[in-house]
Participant: 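Please see the structure below; I have some questions.
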Amino acid sequence: MDQFWSAPPVTRTLTALTFVQSLLVYGGLHSAYYVPFLTRLVFKFPPEVWRLGSSFLLTGPQLDFIFDLYFMFTYGSALETNSPRLNGPGDFFTYVFFVATVILPKLTAGCYLEGGIFTSALILAFVYTYAHHNKGIKTRFYFFQIRVEFLPWAMLVITMVRFGWRAALLESMGIVAAHMYEFLTRIYPAFGGGKNYITTPGFIRRLFIKTSRETYRSYGTAYRSTGQTPASASPASEEPRGWTSSTQNSWSGRGTGRRLGGG
């Protein structure tokens with residue numbers, strides 16, 4: 001549980017939801033009918049809106065159950081914690097929302113291919129962005145050492161060999177979405193003189209700033225005070241702010257008691 005809570009929040013939530021839904025589906029406890037994105041079911045009345053999210057939260061069967069969770073957690077965590085361009089509060093959440101929005105209806109994966117499950121496309125988007133932010137390093141791909149720039153393309157080739165061109169085309173939408181994010185947020189503003197319109201909204205930043213003040217321990221959650229730094233707080237001044245009752249906090253600084261009218 002310590003390792004789980006120490007993971008970055010967006011990746012932790014995505015991986016946990018994917019694990020639970022995949023376990024329920026492949027364990028026969030939840031029908032796979034309610035998971036995929038299907039245009040005719042989303043755009044009807046009443047709309048089955050949960051398919052907009054559930055279609056990103058189902059791994060492949062058998063060994064793909066392990067590999068998909070591993071890739072999602074590994075590359076999602078790397079982007080959320082170490083990316084030089086996704087290091088602000090809520091930036092990774094905005095990135096995931098944009099990529100998912102492009103994969104779903106805007107390009108062919110959602111409407112024209114009637115893709116259904118987009119987990120692999122989302123994972124490939126993570127890998128593509130990670131490769132762009134870490135150019136020049138080498139990484140292990142199965143039994144080979146390759147440059148990280150070739151990693152998303154190698155994964156795409158493996159998908160084509162295993163499942164055919166249609167699965168590879170659907171998965172490649174992750175590369176398209178990630179490259180679109182890279183173009184609109186870095187390439188076009190830097191070299192085309194345009195403006196970056198894909199920024200993290202203020203309420204998202206405030207939400208992540210608020211949640212980042214929590215530190216998790218094996219015996220519960222502790223909250224750091226934002227009004228006083230540990231260096232400036234003396235043990236005596238911190239004591240009434242600890243795990244004491246409100247009554248003690250109110251009267252502990254009043255001094256010794258005196259009997260009224262006494263000498």
Participant: Does one hydrophobic cluster hold both L17 and F97, with members joined at side-chain heavy-atom distances below 4.5 Å?
Facilitator: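 As far as the 4.5 Å side-chain criterion goes, F97 and L17 are not connected within one cluster.
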Participant: Quick one: side chain to side chain contact (heavy atoms under 4.5 Å, CB included) partners of V42, sequence neighbours excluded?
Facilitator: F37, R51, L52
Participant: Would you please name every residue forming a side-chain hydrogen bond (donor to acceptor under 3.5 Å, both in side chains) with D68, sequence neighbours left out?
Facilitator: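 So D68 forms no side-chain hydrogen bond (donor to acceptor under 3.5 Å, both in side chains) with any residue.
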Participant: Could you work out, with ring-ring contact (aromatic ring centres under 6.0 Å, His included) as the rule, every residue matching H132, not counting sequence neighbours?
Facilitator: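 For H132 the ring-ring contact (aromatic ring centres under 6.0 Å, His included) partners, ignoring immediate neighbours, are Y128.
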Participant: Test of understanding: with side chain to side chain contact (heavy atoms under 4.5 Å, CB included), list the residues that count as partners of F19, not counting sequence neighbours.
Facilitator: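 In terms of side chain to side chain contact (heavy atoms under 4.5 Å, CB included), with neighbours along the sequence ignored, F19 is linked to L23, F65, L69.
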Participant: At what distance, to the nearest 0.5 angstrom, does NZ of K138 lie from CG of L151?
Facilitator: 14.0 Å
Participant: If the condition is side chain to side chain contact (heavy atoms under 4.5 Å, CB included), which residues does P201 pass it with, not counting sequence neighbours?
Facilitator: T94, F203, I204
Participant: Output all residues satisfying ring-ring contact (aromatic ring centres under 6.0 Å, His included) with F73, sequence neighbours left out; order by chain, then residue number.
Facilitator: none
Participant: Could I get the full list of side chain to side chain contact (heavy atoms under 4.5 Å, CB included) partners for F183, not counting sequence neighbours?
Facilitator: I187, Y188
Participant: Measure the spacing between CD1 of I117 and CG of L57 and express it to the nearest 0.5 Å.
Facilitator: 9.0 Å
Participant: Could you report the tightest heavy-atom contact between S55 and G116, atom names first, then the distance?
Facilitator: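 Scanning both residues completely, I find the closest heavy atoms to be CB-O, 3.2 Å.
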Participant: Using the rule given for side-chain contact (heavy atoms from CB on, under 4.5 Å), can you reason through L58 versus Y26, listing the C-alpha separation, both sets of side-chain angles and the distance that settles it, and then say yes or no?
Facilitator: CA-CA 10 Å; L58 183 66; Y26 296 125; 4.1 Å; yes
Participant: Would you mind listing every salt bridge (charged side-chain N to carboxylate O under 4.0 Å, His left out) that reaches into residues 56-66, with sequence neighbours excluded?
Facilitator: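 Sorted result for residues 56-66: D64-R162.
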Participant: Can you tell me how far the CD atom of E80 sits from the CG atom of L14, to the nearest 0.5 Å?
Facilitator: 8.5 Å
Participant: Verify the neighbour count for atom CD of Q145: are there more than 12 heavy atoms of other residues, nucleotides or ligands below 6.0 Å?
Facilitator: yes
Participant: Under the ring-ring contact (aromatic ring centres under 6.0 Å, His included) rule, collect the residues that match up with Y95, sequence neighbours excluded.
Facilitator: F92, Y181
Participant: Tell me, please, which residues at least two apart from R85 pass side-chain hydrogen bond (donor to acceptor under 3.5 Å, both in side chains).
Facilitator: E182, T185
Participant: W153 vs M155, test: side-chain contact (heavy atoms from CB on, under 4.5 Å). Steps then yes/no.
Facilitator: CA-CA 5 Å; W153 306 105; M155 295 176 67; over 6 Å; no
Participant: Is there a side-chain contact (heavy atoms from CB on, under 4.5 Å) between L184 and Y197? Walk through the geometry before answering.
Facilitator: CA-CA 8 Å; L184 293 177; Y197 293 98; over 6 Å; no
Participant: Mark yes when over 12 heavy atoms from residues, nucleotides or ligands other than F150 sit less than 6.0 Å from its CZ; otherwise mark no.
Facilitator: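 No, CZ of F150 has 12 or fewer neighbouring heavy atoms, counting only those of other groups under 6.0 Å.
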Participant: Using every non-hydrogen atom in the two residues, find where Q21 and S54 come nearest and quote the distance to one decimal.
Facilitator: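 Scanning both residues completely, I find the closest heavy atoms to be NE2-O, 3.0 Å.
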Participant: Heavy atoms, side chains only, cut-off 4.5 Å: are R12 and S77 in contact?
Facilitator: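 No, their side chains stay 4.5 Å or more apart.
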Participant: Treating Ile, Leu, Val, Met, Phe, Trp and Tyr as nodes and any side-chain heavy-atom pair under 4.5 angstrom as an edge, say whether I123 and F98 lie in one connected cluster.
Facilitator: yes
Participant: Which value, rounded to the nearest 0.5 Å, describes the distance between L122 atom CG and F56 atom CZ?
Facilitator: 6.0 Å
Participant: What do the steps show when you test F126 against V96 for side-chain contact (heavy atoms from CB on, under 4.5 Å), and what is the final call?
Facilitator: CA-CA 9 Å; F126 291 173; V96 172; 4.0 Å; yes
Participant: Side chains of V102 and M173: does their closest heavy-atom pair fall under 4.5 Å?
Facilitator: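 Contact flag for V102/M173 side chains = no.
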Participant: Hey, is NZ on K44 packed in by over 12 heavy atoms from elsewhere, all under 6.0 Å?
Facilitator: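 Above 12, so yes.
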Participant: Got a sec, which residues hit side-chain hydrogen bond (donor to acceptor under 3.5 Å, both in side chains) with S22, two or more places apart in sequence or on another chain?
Facilitator: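 S22: side-chain hydrogen bond (donor to acceptor under 3.5 Å, both in side chains) contacts with T59.
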Participant: For S172, what residues pass the side-chain hydrogen bond (donor to acceptor under 3.5 Å, both in side chains) criterion, not counting sequence neighbours?
Facilitator: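 Partners of S172 by the side-chain hydrogen bond (donor to acceptor under 3.5 Å, both in side chains) criterion come out as none, since no residue qualifies.
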